[in-house]
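First listed ligand is number 1; within each ligand, the first listed atom is number 1. No experiment lies behind these values; they were computed from the predicted model shown. Starting from 1, each residue takes its place in the sequence as its number.
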Amino acid sequence: MLKIPFSEITPEALFLTRRDFLKSAGIVSAGAALLAACAMPPAGDTVDNSAGDPPATDAIADEFGDPLNTYEEITNYNNYYEFTTDKEGVAPLSRNFQTSPWSVAVGGLVANPRTYDIDELKTLFDQEERVYRLRCVEGWSMVIPWLGFPLAKLLALAEPKSEAKFVRFTALLDKSQFPGQKVSWYDWPYVEGLRMDEAMNDLTILATGMYGRDLVPPNGAPFRLVVPWKYGFKSIKAIVKIDLVTEMPVSLWMRAAPSEYGFYSNVNPDVPHPRWSQSSERRIGELQRRPSLKFNGYEAEVGQLYAGMDLQVNY
Ligand SMILES: Nc1nc2c(c(=O)[nH]1)N[C@H]1C(S)=C(S)[C@@H](COP(=O)(O)O)O[C@H]1N2
Ligand SMILES: [Mo]
């Protein structure tokens, strides 16, 4: 799966951690490691539990051995344009965001359209921990331990009709809570979409938590999508509506800048964005840039979804 020798992208100490982890877990393939990453036993002093409200996860690293970003980093450096375009301004501005009550309407081309309360959704499906890399198109990345459930499980309850080819996600529209929505540069609400097979892939989750706790507003509370092999903007926050549709959805970013943002937006170091090379990235907390990986390192899991497609054209 990896084209780059592991030793080139992480320090030696982490290389050892990864080998030990693979050995102790008896894991043979990276794909298995990915799904098992959350089952990894705590290894010594990992997270800082000295401050109040401690993170509640035993995970320490992704399947490559790269350490989790800290809870502090993940909750204080955010893209969330409904609040502000200032990444460090999201946390303070979102402090009073109302996440309850919250409901999500699942509809469109389905046999069982229904509106779910967020608390019900959390009890309907097991909350699984998934440690994923999040790669922003701006060229930074983090390793984040999400809690959530596969989107496929919710879609199965809805029973998509055969005409359904795509899933369209819509985020909350509420000028009274989102100062950024008073500005008309963007066509609110935030909308994103996935092809049906992308939506059904086991890596695609709906997240309700992070670091073993409920999501906080900067990360999209109470309910957001996480699609780890695509640029971060596909992972839409604060979802209120999920529709099964026939036509390819037009996202907020496609509307805003069609030449810059395509529907697929798979992480691809070989396809530069007009303003940013995508060949490398900076992991938040590190100084050196590191090479970016095709499909963000998830090629073994999702590469076949794009077999025969020209990824330079379908960006
Ligand atoms: N509703 C909504 N979802 C959004 C965004 C946004 O502005 N609004 N920004 C996206 C971008 S560009 C990124 S990189 C990720 C960041 O997720 P994080 O802040 O949890 O790391 O959220 C994505 N989801
Ligand atoms: Mo992003």
A.B. asks: So if I count the atoms of ligand 1 from 1 in the order they appear, which ones are less than 4.0 Å from some heavy atom of Asn219?
C.D. replies: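 Heavy-atom distances to Asn219 below 4.0 Å select 18 (P), 20 (O).
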A.B. asks: Salt bridge check: are Glu138 and Lys87 linked by an N-O gap of less than 4.0 Å?
C.D. replies: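 Here Glu138 pairs with Lys87 in a salt bridge, since their nearest N and O are under 4.0 Å apart.
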A.B. asks: Applying salt bridge (charged side-chain N to carboxylate O under 4.0 Å, His left out) to Glu82 and Lys237, what does each step give before you reach the verdict?
C.D. replies: CA-CA 10 Å; Glu82 284 91 333; Lys237 300 174 177 182; over 6 Å; no
A.B. asks: Just let me know how Lys234 lines up against ligand 1, side chain, backbone, both or neither, with a heavy-atom cut-off below 4.0 Å.
C.D. replies: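 For Lys234, no heavy atom sits under 4.0 Å from ligand 1.
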A.B. asks: When you look for heavy atoms under 4.0 Å from ligand 1, do you find them on the side chain of Tyr81, its backbone, both, or neither?
C.D. replies: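 Tyr81 to ligand 1: contacts from backbone and side chain alike.
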A.B. asks: Between Met210, Glu73, Glu192, Lys237, which one has a non-hydrogen atom sitting closest to atom 16 (C) of ligand 1?
C.D. replies: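 Nearest heavy atom to atom 16 (C) of ligand 1 lies in Lys237.
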A.B. asks: Using distance alone, determine whether Trp140 and ligand 1 share an N or O pair under 3.5 Å.
C.D. replies: no
A.B. asks: Just need the protein heavy atom nearest to atom 9 (N) of ligand 1, so name the residue and atom and give the distance.
C.D. replies: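 Minimum-distance protein heavy atom for atom 9 (N) of ligand 1 reads Asn79 O, 3.2 Å.
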A.B. asks: Decide yes or no for Lys234 and Phe263: does some side-chain heavy atom of the first lie under 4.5 Å from some side-chain heavy atom of the second?
C.D. replies: yes
A.B. asks: Contact between Ala238 and ligand 1, counting heavy atoms under 4.0 Å?
C.D. replies: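 No heavy atom of Ala238 comes that close to ligand 1.
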A.B. asks: So if I count the atoms of ligand 1 from 1 in the order they appear, which ones are less than 4.0 Å from some heavy atom of Cys136?
C.D. replies: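 Counting from 1, the qualifying ligand atoms are 14 (S).
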A.B. asks: Would you mind checking if Lys122 and Asp214 are paired as a salt bridge, meaning a charged N to carboxylate O distance below 4.0 Å?
C.D. replies: yes
A.B. asks: Evaluate Glu82 for polar contact with ligand 1, using N/O atom pairs at a separation under 3.5 Å.
C.D. replies: yes
A.B. asks: What is the minimum heavy-atom distance between Pro160 and Val110, and which atoms define it?
C.D. replies: CA-CG1, 4.0 Å
A.B. asks: Please report the closest heavy-atom contact between Gly180 and Trp188, naming both atoms and the distance.
C.D. replies: O-NE1, 3.3 Å
A.B. asks: Heavy atom to atom 4 (C) of ligand 1, shortest distance: which of Tyr231, Phe169, Phe83, Tyr190 holds it?
C.D. replies: Tyr190
A.B. asks: In the protein, which heavy atom is nearest to atom 17 (O) of ligand 1, and how far is it?
C.D. replies: Arg224 NH2, 3.2 Å
